[in-house]
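Labels below follow one simple rule: chain letters A, B, ... track the order of the sequence lines, proteins then strands, and each chain is numbered from 1.
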Amino acid sequence: MLDPRLFRSDLEYVQQQLARRGFDFDADTYQTLESQRKEIQVKTQELQNQRNTRSKAIGQAKAKGEDIRPLLDEVQNLGEQLKAAETELAEIQEKINDLMTGVPNFLANDVPEGSNEQDNVEIYSWGDKPKFSFLVKDHVDLGAQLQGMDFELGAKIASARFVVLKGPLARLQRAIIQFMLDTHIVEHGYIETYVPFLANADSLYGTGQLPKFEQDLFKVENDPGFYLIPTAEVPVTNIVRDVIVDNSDMPLKFVCHTPCFRSEAGAYGKDVKGMIRQHQFEKVELVQIVKPEDSVKAHEDLSGHAENILQKLKLPYRKVLLCSGDTGFSSNKTYDLEVWLPSQNTYREISSCSNFKDFQARRLQARWRNPETGKPELVHTLNGSGLAAGRTLIAIMENYQNEDGSITVPDVLVPYMGGMSCVS
RNA sequence: GGAGAGGUGGCUGAGUGGUCGAAAGCGGCGGUCUUGAAAACCGUUGAGGGUUUGUAGCCCUCCCAGGGUUCGAAUCCCUGCCUCUCCGCCA
C-alpha cells in the first residue's frame, strides 16, 4: 500500500506516478470519499470526547454523593449519535481502504516505459550458449527416455500441470536445492528458514497477493480458510509483520526452500507441455529486510546472489529489467533472470528479483527504529528466486544433454549426487 | 479428542466498573559522581490516528481479536484465536 498521506498532500504527483503503469487513479471518487471521511471523523471524535468528559463528570459527582440524575439526562441520546457516527466512519474508511489496496506501487525512476514483456530491457547476457552436433531434445523427451519424469502419472494422481520425478532426476532436483541453499548460507550470508506452506489471509494481504489476486491461489476450504503459499516470499516476509526490527539485526537476510502452489488461472494453453508451468514446483527464495537507504544496493546484491547460482552451474542467462507494463503490482523495480533453453531456442524466466520499497512493509507494519529520530519507521522489503528449482532442473537437462540422451551433471552438483557425474 | 489455567507497554508483572494508557521491577535513554568504567542516586522512556503551515497545542483510538451490557469497560457477558499444564492419541 502507498502512503495515504501522500494522496492527501500531493494527489497530482500520485496520479503522474501511477500513470507510468497505465493505472488511472480515480481522483474524483477519492476526493469525495476523503472529504467525507474528514468531516465524519472530526464529528465522531468530538462525540467521543463529549462522552468521555461527561462520563468522567458523572463518576466524580457520584463519588461526592451528588445527584447524577440531571447529568444522565444530558447524555441520553449521545450514545445513539455516537454509534451512528462510528458506523458511518467505518463504512467510509472501508471504501477508502478498498480503493487504496487496489493501487499498485510506484515505479523506480529507471524503470523503462513499455506495455508488456516485449519492452523489457536486456541489461546483459552471460555465458556461452551450448552448440550441439546433434538434434537437441527438450526436457520432456529427455525425462521420458531416462524414465524419471512422468506427467501422465502426475495427472493421474492429481491433475494436469503436476509431475512425478523418479530416480536420479528426483535426486538431481534435490541436489540443486541443497546446492542453492548451501551457497546462499555460506557464501552470501543468508539465514536458513523453514516455514508453514499454508498461510492465513492476513499474511497474503501483507505481501500483496490479497485482496487483488485471490484467483491465482489455491484455497483450503477450512474454517478459518488457509491458502497454499504461491511462494516462500509470503511466509518468510511475514516473519516481520507487526514487528519493530532491532537496528542491530538489520539487514535481515533469509533463504528458504518451499514448494510453491499456483492455480495458473488464466494461463490456459500457455506452456502446457513440460515442467515450465506447474501447479506445484520447488523454489529457493531469498528475502531481505533492510533500512530504506540500503534497499537499492540490496536489490543489486540479491539479484547478484541469484546470478551466482547460474554462473556456478554454468548456465547461460540474461538479466532483464522489467518495463513499466510488466512490473508486478507490489514491486518498485524488478530484474528477471532468464535462462537459456536450447529446445525452445530462447531465454525463459528462472528468477524474479524485486525491490518493494515500503509498499509491503506498510501493509505488514514491518518497522525498524531509526536511531536518528528515535521513531519506528517502515523497513524496505526485497525478494527474489535463487532459483526456481524445477526450471533449473530442466535448464540443466537441456543444456547438459548428450547425444545418447544422458545428462552430464554440472561439476558443483556432483558432490550432492553422491559422486555421480552423469545421469543416464 | 477430554479436563483445567491464562493472554496487560521492549521484557517480567500488578490491577479495580469511574481522575487507568495503565503500579512496580528489569531493560533503554539522559544526567550526577568517576581519569574511565561499574555501582549508587536523580530524571526520562509505548504505538497508531485526526486537526493544523506545524517534530507546538488540542483531541481520538489501542490492555489477544470481534461482538454485547453500561452514562462510563483493561475490569462484567458472549464468540473466536492463541499459549501453558495434565490425560488420551500420534510422526
> A/Asn52 near the nucleic acid: base, sugar-phosphate alone, or nothing, with a heavy-atom cut-off under 4.0 Å?
Replying inline: sugar-phosphate
>> Here's a test of your reading of the structure: between A/Thr44 and A/Arg5, which maps to the more 5' nucleotide of RNA chain B?
In response: A/Arg5
> Taking for each residue the nucleotide of RNA chain B with the nearest heavy atom, is it A/Gln93 or A/Gln60 whose nucleotide lies nearer the 5' end?
Replying inline: A/Gln60
>> Any N or O donor-acceptor pair under 3.5 Å from the base of B/G18 to the side chain of A/Lys62?
In response: yes
> Does OP1 or OP2 of B/G48 have a side-chain N or O of A/Arg362 closer than 4.0 Å?
Replying inline: no
>> Does B/G50 have OP1 or OP2 under 4.0 Å away from a side-chain N or O of A/Arg37?
In response: no
Starting the side chain at C-beta, find the nucleotide from [options] nearest to [X].
{"X": "A/Asn49", "options": "B/G49, B/U69, B/C60", "answer": "B/C60"}
{"X": "A/Ser55", "options": "B/U61, B/G48, B/G18", "answer": "B/G18"}
{"X": "A/Lys38", "options": "B/G50, B/U69, B/U52", "answer": "B/U52"}

>> To check you understand the geometry: which heavy-atom pair defines the closest contact between A/Arg21 and A/Ser324, and what is its length?
In response: CG-O, 4.2 Å
>> So which atom in A/Lys291 and which in A/Met250 form the shortest heavy-atom distance, rounded to 0.1 Å?
In response: N-CE, 3.4 Å
> Should the ring pair A/His305 and A/His184 be called parallel, tilted or perpendicular, given that the plane angle runs from 0 to 90° and is split at 30 and 60?
Replying inline: perpendicular
Atom [atom1] of [X] to atom [atom2] of [N]: distance rounded to whole Å?
{"X": "A/Gln41", "N": "B/G48", "atom1": "CD", "atom2": "C1'", "result": "12 Å"}
{"X": "A/Asp246", "N": "B/C11", "atom1": "CG", "atom2": "P", "result": "12 Å"}
{"X": "A/Leu72", "N": "B/G18", "atom1": "CG", "atom2": "P", "result": "16 Å"}
{"X": "A/Leu78", "N": "B/U70", "atom1": "CG", "atom2": "P", "result": "15 Å"}
{"X": "A/Gln48", "N": "B/C71", "atom1": "CD", "atom2": "P", "result": "17 Å"}
{"X": "A/Gln365", "N": "B/G48", "atom1": "CD", "atom2": "P", "result": "8 Å"}

> For A/Gln344, does the CD atom sit with more than 12 other heavy atoms under 6.0 Å from it, leaving out its own atoms?
Replying inline: yes
